Amino acid sequence: GGGRVCIITPTIQKDGSVLLSMSIEKAGKVLASPRAQTRSDMPVQISVGDIGIGLTPHIKGSMIHFQERQAVVITNMPK
């Protein structure tokens with residue numbers, strides 16, 4: 001919300017874990033760049049101020065290395 005967007009770039013690591021590199025932006029300016037590491041099908045939640053992001057990465061097929069950018073709408077965390 002509030003004109004903010006989150007760009008998430010997942011990268012499969014050699015050990016099979018998933019590194020999620022995020023860029024929270026507003027009007028083209030980067031507000032925060034949190035990172036999280038998890039495994040496929042394991043939920044992860046990140047909070048930065050009043051911004052909350054929760055997702056569960058799912059990796060299909062073989063464990064080849066890839067990168068994909070996805071835009072995610074950000075909602076404010078409930079108080």
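We're numbering straight along the sequence, starting at 1. Computed from a predicted structure; not experimentally measured.
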**Asked** Does any pair with a residue in residues 32-42 pass side-chain hydrogen bond (donor to acceptor under 3.5 Å, both in side chains), and if so which ones, sequence neighbours excluded?
**Response** S17-Q37, D41-H58
**Asked** Under a 4.5 Å cut-off applied to non-hydrogen side-chain atoms, are M42 and T56 in contact?
**Response** no
**Asked** Got a second to check how far I53's CD1 is from I8's CD1, nearest 0.5 Å?
**Response** 5.5 Å
**Request:** Indicate yes or no: at least one non-hydrogen side-chain atom of I24 is less than 4.5 angstrom from one of V30.
**Result:** no
**Request:** Please round to the nearest 0.5 Å and tell me the distance separating atom CG of L31 and atom CD of E25.
**Result:** 8.0 Å
**Message:** Less than 4.5 Å apart, side chain to side chain, heavy atoms only: is that true for V44 and L55?
**Reply:** yes
**Request:** Considering non-hydrogen atoms only, spot the tightest contact between C6 and M22 and give its length.
**Result:** SG-CB, 4.0 Å
